[in-house]
Protein chains: 2
Amino acid sequence: MKLSHHSDYALRTMIQLATSGDELVSIRHIAQTYGISHNHLMKIVQGLGRAGFIETVRGRHGGLRLARPASEISLGALVRHTEGENGLVDCTGCLIAPACGLPSVLAEAMQAFLAVLDGYRLSDVASRSHMLRALFDIPTSAAPSQHALDPAQCHTN
Amino acid sequence: MKLSHHSDYALRTMIQLATSGDELVSIRHIAQTYGISHNHLMKIVQGLGRAGFIETVRGRHGGLRLARPASEISLGALVRHTEGENGLVDCTGCLIAPACGLPSVLAEAMQAFLAVLDGYRLSDVASRSHMLRALFDIPTSAAPSQHALDPAQCHTN
DNA sequence: CATTAGATGCATTTCATATGAATGTATAGA
DNA sequence: TCTATACATTCATATGAAATGCATCTAATG
């Protein structure tokens, strides 16, 4: 059982945007950061845009930014969006479907999975902003939009 | 996020074996029940055998049966086996891996998922034995647990 | 010893996913 | 206004894991 690359890249994109604050970041730049296909990321971004997670700005100097603060974006909502809401198994055509107790158990397990993610927000997984900015090669001058609190505070470990 | 067909078929096989009691059931028969590839199911079965979930009997009138009572087989253990124990994402090569908070959150969610499955046993999802026996076309005379009767019933085609 | 059924390795096919290419649309700046 | 840049959209292609098929081996039964 694996998260699709689609979800993986969507989450990484969101982390990069969270770290970049109000700065616009281009799809090309993000794709280069992770060494993935520009075209592929484009489609993922469109999904994120349509779902209201990010804002996209066209034209020269365009790019992406979060539509809301990272602290207001639920990881559960993100994963629900990127993974779709379909069940873990497809029982259509299965002979024993009417008598099978599996779907309900799997649905319960899936709910538990998503419930954990609902308890975290984007800001929780992008909390090491100092380290992340270094990795993303963001100049420290371009501080994350809101108040710049003590960078030492960001370290969670 | 989906369970692999591999897991799906493994679980279905286990349900059929649970419903068949001590009777040996051939791989061919199970494959025909679900309309899937005999060869494919063979490999899944081998995995279940090596992991100690089932007993396999070679030779004429051979087949499969559960290695332990269905009430002692945990669904969590089964899914852990069929899905492997690898994480939901592969972070090797990801630039931000050292600062990324995602893996730990996903691991926690996965644990919650498996914890739910650990709370159920094979017998829980195969509990509608009367209905299942009808679907599997198991004669009601062949009681769920005990001895075999009519040898003619062994032939699957 | 012939038949049945699981064990195993290898080749092939299938299909969702990922990638690439081409074109359209919107914005900024010279 | 013109050009460069960047997101939007559609269609075509490539890739890789999963599934399937085939051949051969081992084991058990009558």
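In what follows, every chain begins at residue 1, and chains take the letters A, B, ... in the order their sequences are listed. What you see is a predicted model; the values in this text were computed from it and never measured.
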### Query
Can you tell me how far CG of B/Leu11 sits from CG of B/Leu122, rounded to the nearest 0.5 angstrom?
8.5 Å
#### Entry: Whole-Å distance separating the CZ atom of B/Arg28 from the P atom of D/dC22
12 Å
### Message
The criterion is side chain to side chain donor-acceptor pair (under 3.5 Å); which residues satisfy it with B/Gln46, sequence neighbours excluded?
### Response
none
### Message
Without decimals, in angstroms, what is the distance between B/Ile30 CD1 and C/dG6 C1'?
### Response
12 Å
#### Entry: Test side chain to side chain donor-acceptor pair (under 3.5 Å) applied to A/Thr56 - qualifying residues, sequence neighbours left out
none
## Note on the structure
Taken to the nearest whole Å, CD1/B/Ile44 to P/D/dG21 is 13 Å
### Query
Going by the side chain to side chain donor-acceptor pair (under 3.5 Å) test, which pairs reach into residues 88-112 of chain A, not counting sequence neighbours?
A/Asp90-A/Thr92, A/Glu108-B/Tyr120
### Message
Once side chain to side chain donor-acceptor pair (under 3.5 Å) is applied, do any residues pair with B/Thr82, and if so which ones, sequence neighbours excluded?
### Response
B/Ser7
### Message
Using whole Å, what does the distance between atom P of nucleotide D/dT3 and atom NE2 of A/His61 come to?
### Response
18 Å
## Note on the structure
Atom CG of A/Leu24 and atom P of C/dA28 are separated, to the nearest Å, by 11 Å
### Message
Of the options D/dG30, C/dT27, C/dG6, whose atoms approach the side-chain atoms of B/Ser26 most closely?
### Response
C/dG6
### Query
Which parts of nucleotides 10-21 of chain C does protein reach within less than 4.0 Å, heavy atoms only, written one letter per nucleotide 5' to 3' as B for base, S for sugar-phosphate only and - for none?
B-------SBBB
### Message
If you compare every side-chain N and O of A/Gln46 against the phosphate oxygens of D/dC7 (OP1, OP2), does one of them come in below 4.0 Å?
### Response
no
### Message
Counting the atoms with a prime plus P, OP1 and OP2 as sugar-phosphate, which does B/Gly63 contact under 4.0 Å by heavy atoms, base, sugar-phosphate, or nothing?
### Response
sugar-phosphate
### Query
In whole Å, what is the span from the CG atom of B/Leu48 to the P atom of C/dA7?
11 Å
### Message
If you define the side chain from C-beta out and look only at heavy atoms, does anything of B/Leu75 sit under 4.5 Å from A/Val105?
### Response
yes
### Summary
residues 63-72 of chain A vs salt bridge (charged side-chain N to carboxylate O under 4.0 Å, His left out), sequence neighbours excluded, gives A/Glu55-A/Arg65
#### Entry: Contacts of type ring-ring contact (aromatic ring centres under 6.0 Å, His included), residue A/Phe53, not counting sequence neighbours
A/His81
### Query
Given atom CG of B/Leu3 and atom C1' of D/dA18, what is their separation to the nearest angstrom?
14 Å
### Task
Could you list by number each residue of residues 50-58 of chain B showing a heavy-atom separation from DNA chain C of less than 4.0 Å, or answer none if no residue does?
B/Arg50, B/Thr56, B/Val57, B/Arg58
### Pairs satisfying salt bridge (charged side-chain N to carboxylate O under 4.0 Å, His left out), at least one member in residues 2-11 of chain B, at least two apart
B/Asp8-B/Arg12
### Query
How would you label the contact of A/Gly62 with the nucleic acid (heavy atoms, under 4.0 Å): base, sugar-phosphate, or nothing?
sugar-phosphate
### Task
For A/Gln32 and D/dA6, give me the distance from atom CD to atom P, rounded to whole Å.
10 Å
